[in-house]
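One structure below.
This is a predicted model, so every value here is computed, not measured.
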Amino acid sequence: MNIRGRLIAGPVLAALGCLTMILAMAGGARAEPDDCTTPPEMTQTDAKLPHLAERLKAHQPATIVAIGGASTIGQAAGSPDLSYPHRLGQDLAQDFPDSPITVINKGVPRQTAKQMYERFATDVFAEDPVMVVWEVGINDAVRGTDLDDFAATLQSGVEELKNRAIDTILVDMQFSRSSATVINFDGYLNALHRVGDLAEVYVFPRFAMMRYWSEQKVFNFDDVAAEDRAKLAARVYDCLGRKLAETIQRAMP
Amino acid sequence: MRAASVPLPPALPRDLRLDFFRGLALICIFIDHIPENYLNYFTISAIGFFDAAEVFIFISGFTAALVYGRALAVRGVLIATVQVLRRAWQLYVAHIFLFVIFIAEVSYTVRAFNNPMYNEEMGVGDFLERPHIAVVQALLLQFQPTFLDILPLYIVMLLIFPAVLVCLRRHPMVALIPSALIYLEVQIFDVDMPAYPPGSVWTFNPLAWQFLFVLGAVLGHADTRSSGRAKLLALAYWPALAIAALALVIRLSWTFHGIWDAVPALFQHQLWPINKGNLSPIRLISFFALVMLAARWVAPQARFMRTTLAWPLVLCGRHSLEIFCLSILLSALGHFLMSEINTGFTMQLGVNVVGITVLCLTAGMLDWYRAVQQMPATTAQAMSEGSGGEV
């Protein structure tokens, strides 16, 4: 490189360096090191929760029942206080300070959609909720419940909630690469989302979110040392609870 | 499939459609068994309310009646029965082979990945928890993990088939009426076949699906006798066309709705979910409409089936058991690769192209081998030497 070249190159390189630094700073400022980040399209929702909205608008108390399996009760984290419904309750209390919001956890491990549906009378309706979060499908995929029966059960459940003027959010399966290799979730995911689509019920895309986190290496769901599993589960449940709260907040008019 | 080993007087030219459509069904089964495979949009299930399973079972009933019906006519009930049971045994062995592959896959994955974090629910179901029971239940055809559900149905169909054959020989209706009544009973009273683990049922309820198998057998059997098949075809053509067109439009609207919300999913509220385990009448009618059209539009020896593109399918259909087993193995492998690496376009293309190619090449090899076996010794030797380089 000759002298002239060097003269030009100096300022250009300096300018480029500055630009890179500015971009890096801007980038750093925008993306807080937040584990729970997901692509915006995953939380974009046209979820309608009219009954909950009405309560919150009138500053009336609202009860939400979270019914589901082991991940609802927070079994992998070791305590219901570390489960996603708990986190959801905390976040909603912050977002809507004028309404006392209670989230009741009705997770029972290893239940199929049908078993959960059979619990509706005692575990859901008895609590007189204004909204239900129904986390469902893992055990059906594991046990290989007949797909049509699975869909039909979901439909009956969603229909009954609707008839009782209860808002509903469905939560789909958990993702982990090694499980997805052995268990065929695809059909059950499709059925679940189709039920949501037909009944105009929002399906919270937990599977897609967790897969995103796994692919982005935010969380590694496989090859977790036994002693770290509970900690990881608690962090994931925390993220899911926050995302769910965000979704609900966004659905309020 | 076994016609060749049964010496029969006037050997009719084989109806190529049976092999072609069964081959097509097998390729579709391979594709459909890979989750998140975009090619799913283009399999048989995309054009009606049925899928490859109906095609497979129907054609299997049809060919069984064709082959064993003639064996029965020529060599008597006893020999025909033994032949059917021998075939059922072959299927059983194949089923156990597939089960061993399933065990290998599950055990490997679970061990290699150091026990998934969410194993309270994710566990691999009952197999690794109670392997001693699961293995016995698999031997009894009661434990049917993913992909291991259609061969048990086929085996049960063959076990009842000697009785069906004897009835068929009296009169098609003697076989058809009881079969239809059982099917109706399932539809009305929702009768299930319990399976293992307790609480689950047979994926393909044999009480319902036997009707399709027997229907295939009745039509296949009618082939060897002279009967009103042509009349039926002429009569049913227009209704079949209307039903098939309607099903196609509705089904396509569902597919497009899945891709783009603005397209309405016609009648989805009323029709979906369409029960597969109990072979919902909607599936059956939609399937038969297409059978009628295929029978009318495609000649038994239609030339297109001998083209380079279609012939591999004919060969796959001709060696259906081997190709089915291989397709299960390959789709499990494809699923494994896609969930391990990625589901990108290149991966999809690779898995599908390699899988289908391997299936077709294997079918070609099996066919070549059978041809060699059937030839007199000297010619066979010459041929195997001559074509040794190709295979």
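Taking CG of A/Asn184 as the reference point, atom OG of B/Ser331 lies at 9.5 Å (rounded to 0.5 Å). Taken from OG1 in B/Thr203 to CG in A/Leu147, the straight-line distance is 9.5 Å, to the nearest 0.5 Å. For the atom pair A/Asp186 CG and B/Asp32 CG, the distance stands at 10.5 Å (nearest 0.5 Å).
Heavy atoms of A/Asp228 lying under 4.5 Å from chain B are absent altogether. For a residue to count as touching a neighbouring chain, one of its non-hydrogen atoms must lie under 4.5 Å from one of that chain's; by this rule B/His335 touches chain A with the side chain only. If you measure heavy-atom distances from A/Glu215 to chain B, you find no contacts under 4.5 Å at all. Neither the backbone nor the side chain of A/Asn190 comes within contact range of chain B; no heavy atoms are under 4.5 Å apart.
In this structure, A/Glu118 places its CD atom where more than 12 heavy-atom neighbours from other residues, nucleotides or ligands lie under 6.0 Å away. The neighbour count for A/Lys231 NZ, taken as heavy atoms of other residues, nucleotides or ligands under 6.0 Å away, does not exceed 12.
In terms of heavy atoms, A/Leu198 sits closest to B/Gln268 at CD2-OE1, 3.5 Å. Residue A/Ala151 comes nearest to B/Trp272 through the heavy atom pair CB-CH2, 3.6 Å, listed as atom of the first residue, atom of the second, then distance. Of all heavy-atom pairs spanning B/Pro273 and A/Asp148, the tightest one is CG-O, 3.8 Å.
Residues A/Asp146 and B/Lys276 have side chains not in contact (no heavy-atom distance under 4.5 Å, counting atoms from C-beta outward).
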